[in-house]
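What follows is a single structure, written as structure tokens, with notes after it.
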Amino acid sequence: MMKMKEELSAVWKDIAIGNMETAPAVAGRIKEMDRRENGLFVTADVDENLFAAACLVYPVYAAYETECNKKEGYPDLLAQFRALSAELKNADTLENRASFLDALIHTVDNVSPQLYEYYRELVDMFKETVGETVKKYYRDGHFKKADGSESPEAEKQLRAAIAHAADTYVLLGEKYEKYC
């Protein structure tokens, strides 16, 4: 049997090419995940790092809710991101911010703007987190850890998330181009 992380990765690749056939079964497994006290999914089966797991769990969950479940799970999805954002404040590292922003922008991609209040809150959360990240971690032309050391993977993930947000008009490209 395929592990949850590999299964989510495979479904995410299917979703990226417009194939939603595998999404319902995996989304059902996501919805059955245990929850933490704050409502977040327990994602240890995906990745020990909550934010790394979020990169797979939430975009798949959002795509399923949008394409297959008539957007009924949007209130839960938004509540999950509110809780995830609060968790980020308690576990604030460059790597966690990079994963959070990656998960958030790919979730935004899969949420219908027709349900404006959900879409808008996720977009605003993304913009606010990018602003905080730039202020806290951007120095000397690079995203660096709080101690000043470099994290090439986190920087690459952050730059990709910001570039993707600019490409999809979530952020103004001209304003954020130096961070891409």
Side-chain angles (χ1 to χ4, degrees), residues 3-16 26 30 33 36 38-63 77-111 119 121-180:
K3 289 185 174 184
M4 185 70 163
K5 185 173 189 170
E6 289 80 19
E7 200 172 350
L8 282 164
S9 293
V11 170
W12 182 232
K13 287 176 185 171
D14 285 348
I15 290 168
V26 173
I30 291 171
M33 288 176 158
R36 296 173 171 209
N38 62 0
L40 281 173
F41 293 128
V42 174
T43 57
D45 287 346
V46 179
D47 196 293
E48 286 298 320
N49 182 296
L50 171 65
F51 301 99
C55 293
L56 290 171
V57 171
Y58 295 103
V60 169
Y61 184 37
L77 183 65
L78 185 55
Q80 294 260 343
F81 264 101
R82 288 177 185 143
L84 195 60
S85 180
E87 287 287 324
L88 182 61
K89 290 178 185 358
N90 296 325
D92 193 354
T93 66
L94 180 64
E95 292 82 359
N96 287 348
R97 278 186 179 259
S99 292
F100 177 80
L101 287 167
D102 181 81
L104 187 51
I105 195 59
H106 288 101
T107 298
V108 167
D109 280 346
N110 288 287
V111 170
Y119 178 82
E121 188 169 338
L122 292 170
V123 165
D124 289 347
M125 189 182 300
F126 183 86
K127 288 178 178 181
E128 180 180 321
T129 306
V130 166
E132 292 169 354
T133 302
V134 166
K135 285 179 187 167
K136 187 169 184 174
Y137 294 103
Y138 191 77
R139 293 184 294 284
D140 304 322
H142 294 281
F143 287 99
K144 296 183 179 182
K145 295 180 183 183
D147 67 4
S149 64
E150 294 187 12
S151 177
E153 284 302 311
E155 181 170 28
K156 180 180 174 184
Q157 191 176 27
L158 270 169
R159 289 183 183 278
I162 293 169
H164 185 78
D167 289 345
T168 56
Y169 304 104
V170 168
L171 294 175
L172 291 172
E174 299 82 25
K175 183 177 177 181
Y176 291 91
E177 67 187 345
K178 76 178 185 179
Y179 308 115
C180 296

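How far CD1 of I30 is from CD of E7: 9.0 Å, rounded to the nearest 0.5 Å. For the atom pair CG (L88) and CG (L101), the distance works out to 8.0 Å, reported to the nearest 0.5 Å. Remark: I162 CD1 to E177 CD distance equals 12.5 Å, nearest 0.5 Å. Distance check, rounded to the nearest 0.5 Å: NZ of K144 to OG of S151 gives 12.5 Å. Atom CG of L171 sits about 6.5 Å away from atom CD1 of I105, to the nearest 0.5 Å. With rounding to the nearest 0.5 angstrom, the CG atom of L84 is 5.5 Å from the CG atom of L40.
Within the 4.5 Å cutoff, the side chain of Q157 has no heavy atoms near those of the F143 side chain. Looking at F100 and F126, their side chains never come closer than 4.5 Å, going by heavy atoms from C-beta outward. Residues E128 and S85 fail the side-chain proximity criterion, which asks for heavy atoms closer than 4.5 Å. The closest side-chain heavy-atom distance from D102 to F51 is not below 4.5 Å.
Residues C180 and A163 approach most closely at SG-CA, 3.6 Å, considering heavy atoms. Of all heavy-atom pairs spanning K136 and R139, the tightest one is O-NH1, 3.0 Å. Here the closest non-hydrogen pair linking K178 and R159 is O-NH1, 3.3 Å. Nearest heavy atom pair, residue C55 against residue S99, reads SG-O, 3.3 Å. The nearest pair of heavy atoms linking V111 to Y119 is O-CD1, 3.7 Å. Between A103 and A54, the closest heavy-atom pair is CB-O, 3.4 Å.
Under the 3.5 Å distance criterion, the side-chain polar atoms of D47 are left unmatched by any main-chain donor or acceptor of T43. No donor-acceptor pair closer than 3.5 Å links the side chain of S149 to the backbone N or O of K145. No donor-acceptor distance shorter than 3.5 angstrom exists from the side chain of E95 to the backbone of A154, with no hydrogens or angles considered.
The aromatic rings of Y58 and F41 lie parallel to each other, their planes meeting at an angle below 30°, with 60° marking the opposite boundary.
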Exercise for review: Show your working on side-chain contact (heavy atoms from CB on, under 4.5 Å) between K5 and L8 and close with a plain yes or no.
Suggested key: CA-CA 5 Å; K5 185 173 189 170; L8 282 164; 5.9 Å; no
Check your understanding: Going through the checks in order, is the side-chain contact (heavy atoms from CB on, under 4.5 Å) test met by V42 and R36?
Key -> CA-CA 6 Å; V42 174; R36 296 173 171 209; 4.0 Å; yes
**Study point:** Stepwise side-chain contact (heavy atoms from CB on, under 4.5 Å) check, Q80 with V57
**Key:** CA-CA 11 Å; Q80 294 260 343; V57 171; over 6 Å; no
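At a cut-off of 3.5 Å, with distance as the only test, a side-chain donor of E87 or N38 sits close to an acceptor on the other residue.
Between D92 and R97 there is a salt bridge, since at least one side-chain N of the basic residue sits less than 4.0 Å from a carboxylate O of the acidic one.
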